[in-house]
**Q** 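Have a look at the structure that comes next, please.
So that the names make sense, note that chain A is the first sequence line, chain B the second, and so on, each numbered from 1. This is a predicted model, so every value here is computed, not measured.
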Number of protein chains: 2
Amino acid sequence: MWLRPPREPRQTLSLGRIVAEAVALLDEEGVARLTMRRLAERLGTGSTTLYWHVKTKDDVLDLALDAVFGEVPLPDAGGDWRERVREVIGGWRAALLRHPWSATILDRPLMGPHALDHTEALYAALAAAGLEGPRLKAAAYSLANFVMGSVIMQVTAEGHGDAAAFLRERAARYPLLARHGLDCDWDAAFADGLGFLLTGMRDGGGTGAPT
Amino acid sequence: MWLRPPREPRQTLSLGRIVAEAVALLDEEGVARLTMRRLAERLGTGSTTLYWHVKTKDDVLDLALDAVFGEVPLPDAGGDWRERVREVIGGWRAALLRHPWSATILDRPLMGPHALDHTEALYAALAAAGLEGPRLKAAAYSLANFVMGSVIMQVTAEGHGDAAAFLRERAARYPLLARHGLDCDWDAAFADGLGFLLTGMRDGGGTGAPT
DNA sequence: ACCTGAACACCGTTCAAGT
DNA sequence: ACCTGAACACCGTTCAAGT
């Protein structure tokens, strides 16, 4: 008895533990290192064991992404609707930027419980502003597209080398880009864009049909 | 001589041929099937041969994505600036939607010559509207984010099962989503959102600072 | 119900070698 | 300059088998 190795007090595996470890792995090592084998290793199991808890590696990614949305607190109702929208959308942005790998992973349905809770909250904030029908839908759609796009653009820009220097060398061909593409204040650009959308969806804009 | 196999009149390999074949492969078989081996097979070479023309598989993806931008005609200057912006942004959207795999690939720097030409054209259209400085930048940023987000959202929504039915079952928990998340008219939603942005960036919106 | 190991059919990439 | 083959160090996933 005493000579036997002291029976690893390792917690039993569970979906929750798998997802938490996946997020940690993604944070620490990046998306390319998320491997069923590597994940299992960090959990102290064989890779094939994961397949009892999860159907495929894609499941792990879906769950990890939803966990990011789970970090965002839901806004409380009431108050200025504009402020509430800024809170929801800003919350998404902050959470996604905290986990840059999520930008690489945004090309999958946001149908997890946390994502849905937040999307519903966004609709609620817009409905409180008096929007309804296709107009409400268009507003929610635009805002969601805008955040997703922002995060992806920022993460990829920050991740890949010195684009500014690259553009400066080509200032002759791309004068406007070279002048403005540099020294990004991402937060300000984001706030401005959000401002455009918010005032746009108040002041008509209607079906946006070309004239 | 006559008995020898008739010396494959196979065109010599070139970067152009590799990229064209990669786009065809992506269109026909999807992003998961883009493999250096599979690509080489379609080109009638060994997979390792590709590495003389290309440094890594990522290069192939970068080139394929830029080729998509290359399909979009550049807008001619002049005319209503709003119409011109709609032309550029709508052109991006159409081209990206024609190659749904591109949505999965948008998390990489859009620094290819075609992408840069179009981004410069977008800046030019906005500059023609009188925008300048950080305001111009914010406008371009918002528009680019919006298209990218739109394409990604639409492609993933269309690619993955019946989200509408899923939401209908959960109408109790997500009432607004269940009511509006269905029967999407993507084109209308896109046009509306673009309208929001265009009117927003004309009518002030300023730094979008919260009040 | 949960975990394991061996095995299958793949990957991207390197490199010495050929023409 | 361009192409080839063999080889390395990996992948996701299945499945029969164990407890």
**Q** Without decimals, in angstroms, what is the distance between E29(B) CD and dC10(C) P?
**A**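 Rounded to whole Å, this separation is 14 Å.
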**Q** DNA chain D: R33(A) or T48(A), which has the more 5' nearest nucleotide?
**A**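 Mapping each residue to its closest nucleotide by heavy atoms, the 5'-most match is R33(A).
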**Q** Looking only at side chains, do S150(A) and N145(B) share a donor and an acceptor under 3.5 Å apart?
**A**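 The criterion, which ignores hydrogens and geometry beyond distance, is satisfied for N145(B) and S150(A).
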**Q** Given atom CG of D58(B) and atom C1' of dC11(C), what is their separation to the nearest angstrom?
**A**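 So the two atoms are 14 Å apart, to the nearest Å.
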**Q** Taking all heavy atoms of K137(A) and all of C184(B), pick out the closest pair and write down the distance.
**A**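 So the minimum-distance heavy-atom pair works out to CE-SG, 3.3 Å.
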**Q** For L122(A) and A140(A), work out which heavy atoms get closest and say how close.
**A**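 For L122(A) versus A140(A), the nearest heavy atoms are CD2-O, 4.0 Å.
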**Q** Search all heavy atoms of I18(B) against all heavy atoms of H53(B) and return the closest pair with its distance.
**A**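 Closest approach of I18(B) to H53(B): CD1-CB, 3.6 Å.
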**Q** What is the ring orientation for Y141(B) with W186(A), classed by angle as parallel under 30°, tilted 30 to 60°, or perpendicular over 60°?
**A**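 Ring orientation of Y141(B) relative to W186(A): tilted.
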**Q** With a cut-off of 6.0 Å (strictly less than), are more than 12 heavy atoms of other residues, nucleotides or ligands near CD of E132(B)?
**A**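 No, because the 6.0 Å sphere around CD of E132(B) holds 12 heavy atoms or fewer from other groups.
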**Q** Separation of R38(B) atom CZ from dC10(C) atom P, in whole Å?
**A**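 In whole Å, dC10(C) P lies 11 Å from R38(B) CZ.
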**Q** With the criterion being N/O to N/O and under 3.5 Å, what pairs connect the protein with nucleotides 17-19 of chain D, and how long is each?
**A**
none

**Q** Check the distance between dC10(C)'s C1' and E41(B)'s CD and give it to me in whole angstrom.
**A**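 About 13 Å, once rounded to whole Å.
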**Q** If you find the nucleotide of DNA chain C closest to S47(A) and the one closest to Y51(B), which residue's nucleotide is nearer the 5' end?
**A**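 With S47(A) and Y51(B) compared, the 5'-side residue is S47(A).
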**Q** Can you tell me the Watson-Crick or wobble partner of dA6(C), both distances under 3.5 angstrom?
**A**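 Because both required distances fall under 3.5 Å, dA6(C) counts as paired with dT14(D).
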**Q** Can you find a side chain N or O atom of T56(A) that sits less than 4.0 Å from OP1 or OP2 on dT13(D)?
**A**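 Checking dT13(D) against T56(A), a side-chain N or O does come within under 4.0 Å of OP1 or OP2.
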**Q** When the ring planes of H118(A) and F69(A) are compared, do they come out parallel, tilted or perpendicular, using 30° and 60° as the limits?
**A**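 Judged by the thresholds at 30° and 60°, the geometry between H118(A) and F69(A) is tilted.
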**Q** Would you mind reading off the distance between R37(A) atom CZ and dA6(C) atom P, rounded to a whole angstrom?
**A**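 Computing the R37(A):CZ to dA6(C):P distance gives 13 Å.
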**Q** Mind calculating the distance between NE2 (H53(B)) and P (dT13(C)) to the nearest angstrom?
**A**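 Going from H53(B) (NE2) to dT13(C) (P), I get 16 Å.
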**Q** C1' atom, dC3(D) versus dC15(C): distance in rounded Å?
**A**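 About 13 Å, rounded to a whole number of Å.
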**Q** Roughly how many Å is it from CG in L50(B) to P in dT4(D), rounded to a whole number?
**A**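 Rounding to the nearest Å, CG of L50(B) and P of dT4(D) are 10 Å apart.
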**Q** Can you tell me how far C1' of dC3(C) sits from CE of M36(A), to the nearest Å?
**A**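 That distance rounds to 14 Å.
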**Q** Closer to the 5' end of DNA chain C via nearest nucleotide, is it G46(A) or K57(B)?
**A**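 Nearest-nucleotide comparison on DNA chain C picks G46(A).
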**Q** Any base atoms under 4.0 Å from T49(B), or only sugar-phosphate, or nothing? Heavy atoms, all strands.
**A**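 Touches a base.
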